[in-house]
**Student:** 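A single structure is presented below for examination.
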Amino acid sequence: MNLHAIRAIYLFEMARTWRTLMESIASPILTTALYFVVFGAAIGSRMGEIDGIEYAAFIIPGLLMLSLLGESISNAAFGIYFPKFSGTIYEVLSAPVSYIEVVIGYVGAAATKSLILGVLILLTARLFVDYQIEHPVWMVSFLILTAVTFSLFGFIIGLWADDFQKLQIIPMMVITPLTFLGGAFYSISMLPPFWQTVTLFNPVVYLISGFRWSFYGVSDVNVGISLVMILVFMALCLATVWWIFKTGYRLKN
Amino acid sequence: MESIISIKNLSKTYASGLHALKDVNLEIRRGEILALLGPNGAGKTTLISIICGIVNPGSGSVLVDGHDIITDYRAARSLIGLVPQELGIATFESVLATMAFSRGLFGKPHDADFIESVLHDLSLWDKRDEKIMTLSGGMKRRVLIAKALAHEPDILFLDEPTAGVDVELRHDMWEMVRRLRERGVTIILTTHYIEEAEEMADRIGIINRGELSLVEEKTALMNKLGKKQLTLTLQQPLEAIPAELASRPLELSEQGDVLVYTFDCHEEHTGIPDLLRDLNEHGIDFKDLNSSQSSLEDIFVSLVREQP
Ligand SMILES: Nc1ncnc2c1ncn2[C@@H]1O[C@H](COP(=O)(O)OP(=O)(O)OP(=O)(O)O)[C@@H](O)[C@H]1O
Ligand SMILES: [Mg+2]
């Protein structure tokens, strides 16, 4: 293991995070705060409880996931896309590092940033609603697993993208709809039976459901299944990254 | 002499179908300065990129100090520092931060003193806290060199290090390259400035259309291919070269006042005494005479032209 290399990449990426702290943290927090004002305070007061949970509190895990997924993907995608775009990637390619070390460095930094963001959103939410966390250890585990998995996914997008549009298209066109339709704002038991079945093909459902369970002890699908789904997705991402580095796809001509 | 890089039957075809390297065989000697010359698109950067791990090789093998660049890439790459041709480092971090990054990436523990000494060597110490994107092009080039040296490599690749660089910096770089060689670093550089190869290199390789057409000691190359010319400035212009002298390799300038005699400096008989005697007999007086050896540039141009 080239630990010095992992450290160098990680610190380098984190330095970028601190440099751009305002843009990268302020805007998701502001967005989340707006959701709370609109859905929590304004609309939520007219909504009944869902699964015995006040609506404003019910949407917290989903909102957090919405930001976490989007930010993990875009942080990690940009982190590797930029050196590819500017040409500085030559240094990483010519260094005595394995792909695992490169991934740990870049994905670790992106996930760290997402986690910081996640904590800040939780604190922001506290200003609007009084929520509880029934299973804190699981909550933190889900948070970390999700941040790491989707940073990996973003890393793949960054490797794959060869222009800025592609960099943004996946988060915009895929992740946002999947999250909105994944039960961030409602319980899937509120849907007609047919749509309930369709929804089960949406991987984000499992994330949000498991995450909400760690808060309130209620879930749309079994927590074990949620966990397995995240791990499967993570394994898929790892396999893809391994293949990319092995073949040099879009990296080494 | 022992070789530090051994390239065997290396070929590369890009996805576009372009045959960028064709069966290249090259032994690079430990401690030498090898200059690779060749026209644009000849394959110099491709060759370097393959050795450094940036481009996948097609077929063939490369050993760096006995380590295969694919199966034993960690050992091979640890030995190499690369200064790429493209600048591409318009980034926001400081010079010191990027140096720490480069050194760490190559698996070396942080060493503030060493980094300071490299930055001093390249006159970058004053700029250590500046953002790279705010530096001038020449300064960025220095930063790239400093980054390549940050992990104390045994082998340094310089891909057109002096392109777009002013005279002073170019001389600084030559100085630096010499100092590195004294420390035993093997240096491979590419350049389009032939005088640079002439000035720096121990050996010269010429690549043309993906083929390594020649690798030679610089002095041997210049001797072997070097033609000398004797230029005579005449007292009185001639209308034509006298018929008796026409068989000799002589050329008369347009004004008829300069005679140029070309000879091979390796022939035992240069024919100069005979020529001078004959000129004397024909009453051709000259007021000045000087001889010159053809430069590497002439050799290069004639080699690259020779090939279809
Ligand atoms: N990524 C790539 N994909 C396809 N073709 C490429 C790629 N990189 C280089 N080539 C082609 O390979 C050939 C060799 O290019 P290379 O950059 O090695 O030349 P070079 O000798 O370094 O030239 P120069 O003196 O201009 O730097 C060129 O025809 C170039 O167009
Ligand atoms: Mg080149």
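Everything numeric in this text was worked out from a predicted model, so none of it was measured. Chain A is the first sequence line, chain B the second, and so forth, proteins listed ahead of strands; every chain is numbered from 1.
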**Student:** Quick one: does A:Ile157's side chain get under 4.5 Å of A:Phe153's, heavy atoms only?
**Tutor:**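 In contact.
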
**Student:** For the interface with chain B, which of A:Pro83, A:Ser94, A:Ala15 has the highest count of heavy-atom pairs at distances below 4.5 Å?
**Tutor:**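 The option with the most such pairs is A:Ser94.
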
**Student:** Under 4.5 Å heavy-atom distance to chain B, tell me which part of A:Ser98 shows up: side chain, backbone, both or neither.
**Tutor:**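 Both parts, backbone and side chain.
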
**Student:** Non-hydrogen atoms of chain B under 4.5 Å away: do they reach the side chain of A:Arg19, the backbone, both or neither?
**Tutor:**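 The answer is the side chain of A:Arg19.
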
**Student:** Measuring heavy-atom distances to chain A, does B:Ser102 have an atom under 4.5 Å in its side chain, in its backbone, in both, or in neither?
**Tutor:**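 Interface part for B:Ser102: both.
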
**Student:** What part of A:Val92 lies closer than 4.5 angstrom to a heavy atom of chain B: side chain, backbone, both or neither?
**Tutor:**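 The answer is both parts of A:Val92.
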
**Student:** Is a salt bridge present between B:Lys8 and B:Glu27, judged by a nitrogen-to-oxygen distance below 4.0 Å?
**Tutor:**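 Counted as a salt bridge, because a side-chain N and a carboxylate O are separated by less than 4.0 Å.
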
**Student:** Quick one: of B:Pro84, B:Ser78, B:Ser16, who has the most non-hydrogen atom pairs under 4.5 Å with chain A?
**Tutor:**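 Between B:Pro84, B:Ser78, B:Ser16, the count favours B:Pro84.
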
**Student:** Between B:Glu32 and B:Arg181 (salt bridge meaning N to carboxylate O under 4.0 Å), is one present in this structure?
**Tutor:**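 Judged by the 4.0 Å cut-off on N to carboxylate O distance, B:Glu32 and B:Arg181 do not form a salt bridge.
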
**Student:** Out of A:Ile6, A:Leu3, A:Ile9, return the one with the most heavy atom pairs under 4.5 angstrom to chain B.
**Tutor:**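 Heavy-atom pairs under 4.5 Å are most numerous for A:Ile9.
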
**Student:** Relative to the ring of B:His151, is the ring of B:Phe106 parallel (under 30°), tilted (30 to 60°) or perpendicular (over 60°)?
**Tutor:**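 Plane angle under 30°, so parallel.
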
**Student:** Identify whether the distance between the nearest side-chain nitrogen and carboxylate oxygen of A:Lys84 and A:Asp162 falls below 4.0 Å.
**Tutor:**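 Salt bridge absent between A:Lys84 and A:Asp162.
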
**Student:** Got B:Leu21 and B:Ile50 here, is their nearest side-chain heavy-atom distance under 4.5 Å?
**Tutor:**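 Answer yes - side chains close enough.
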
